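Okay, so here's the structure we're looking at.
Small disclaimer: the values here were computed from a predicted structure and weren't measured. Along the sequence shown, residues are numbered consecutively beginning with 1.
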Amino acid sequence: VQLASGGGLVQAGGSLRLSCAASGQIFGNYFMAWFRQSPGKEREFVAAVKWSIGVTRYADSVKGRFTISRSYAKNTVHLQMNSLKPEDTAVYYCAADKNGLGSVAESDYDYWGQGTLVTVSS
């Protein structure tokens with residue numbers, strides 16, 4: 001079970017930090033990721049991190065603005081979002097890929113959080 005938190009309303013150019021706390025054990029080969037879904041659009045990949053070694057992957061639309069990180073002590077994955085744009089408005093979901101593929105396809109992820117809403121006003 002994963003719980004995502006930290007969403008909210010922010011003005012364009014602002015920052016938010018999302019957190020995803022996992023209640024179960026995260027194994028080293030897992031990839032932990034964030035996806036998002038805007039109204040009327042399909043869910044899309046945002047960022048992912050390899051739990052054991054911290055290798056990261058980002059969607060082109062967020063590179064240089066978002067940073068994904070993990071905390072072993074708290075069994076938590078974070079998404080620091082800076083320079084937010086109105087087009088970043090979406091429900092953000094955390095997900096876990098137990099097979100360590102690190103892909104951008106949501107079908108490769110096994111566990112999902114409940115989502116947290118991020119709204120960026122212009």
Side-chain angles (χ1 to χ4, degrees):
V1 174
Q2 301 169 100
L3 300 175
S5 62
L9 174 64
V10 64
Q11 287 189 330
S15 299
L16 279 175
R17 188 187 195 213
L18 306 183
S19 297
C20 176
S23 60
Q25 184 176 358
I26 303 175
F27 295 97
N29 63 314
Y30 276 36
F31 261 93
M32 302 297 294
W34 289 93
F35 284 74
R36 67 186 182 186
Q37 187 168 22
S38 303
K41 295 185 178 180
E42 294 186 352
R43 190 152 54 183
E44 64 175 359
F45 172 83
V46 176
V49 60
K50 181 86 170 182
W51 186 254
S52 59
I53 58 175
V55 170
T56 58
R57 183 175 186 178
Y58 295 93
D60 288 343
S61 59
V62 306
K63 278 182 183 177
R65 300 189 298 123
F66 292 10
T67 302
I68 188 170
S69 61
R70 78 264 195 250
S71 168
Y72 289 121
K74 297 183 178 181
N75 221 33
T76 300
V77 177
H78 302 287
L79 185 68
Q80 178 66 43
M81 305 186 295
N82 299 326
S83 302
L84 283 161
K85 305 175 181 179
E87 51 263 43
D88 294 318
T89 294
V91 176
Y92 284 72
Y93 299 89
C94 61
D97 160 26
K98 65 181 180 180
N99 296 309
L101 300 176
S103 82
V104 302
E106 62 175 296
S107 59
D108 287 332
Y109 288 80
D110 306 285
Y111 309 111
W112 290 85
Q114 87 285 12
T116 185
L117 177 63
V118 172
T119 304
V120 184
S121 63
S122 57

Look up atom [atom1] in [X] and atom [atom2] in [Y], then write down how far apart they are to the nearest 0.5 Å.
| X | Y | atom1 | atom2 | result |
| --- | --- | --- | --- | --- |
| E106 | Q37 | CD | CD | 7.5 Å |
| S61 | D88 | OG | CG | 7.5 Å |
| C94 | H78 | SG | NE2 | 11.5 Å |
| L79 | T116 | CG | OG1 | 11.0 Å |
| C20 | K74 | SG | NZ | 14.0 Å |
| M32 | I68 | CE | CD1 | 8.0 Å |

Heavy-atom pair of closest approach, residues [X] and [Y]:
| X | Y | value |
| --- | --- | --- |
| L9 | S121 | CD1-CB, 4.4 Å |
| S122 | P86 | CB-CG, 3.9 Å |
| L16 | V10 | CD1-CG1, 4.0 Å |
| A48 | Y109 | CB-OH, 4.0 Å |
| L101 | D97 | N-OD2, 2.5 Å |
| S19 | T76 | CB-CG2, 4.1 Å |

Could you tell me whether the side chain of [Y] reaches within less than 4.5 Å of the side chain of [X], counting heavy atoms only?
| X | Y | value |
| --- | --- | --- |
| Y58 | T67 | yes |
| K50 | T56 | no |
| F66 | L84 | yes |
| E44 | R36 | yes |

Report yes or no: does [X] contribute a side-chain atom to a donor-acceptor pair with the main-chain N or O of [Y] at less than 3.5 Å?
| X | Y | value |
| --- | --- | --- |
| S38 | A90 | no |
| R70 | V49 | no |
| D108 | S103 | no |
| K85 | A12 | no |

Subject >> Salt-bridge contact D60-K63 (side-chain N to carboxylate O under 4.0 Å) >> reply: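 Judged by the 4.0 Å cut-off on N to carboxylate O distance, D60 and K63 do form a salt bridge.
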
Subject >> Verdict with reasoning, M81 to V62, per side-chain contact (heavy atoms from CB on, under 4.5 Å) >> reply: CA-CA 9 Å; M81 305 186 295; V62 306; over 6 Å; no

**OP:** Using the ring pair (Phe, Tyr, Trp, His ring centres under 6.0 Å) rule, pick out the option among Y72, F31, F27 that qualifies with W51.
**Re:**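 Of the listed options, the one satisfying the test is Y72.
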
Original post:
Relative to each other, are the rings of W112 and Y93 parallel, tilted or perpendicular (30° and 60° limits)?
Top reply: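 Perpendicular, since the angle between the ring planes exceeds 60°.
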
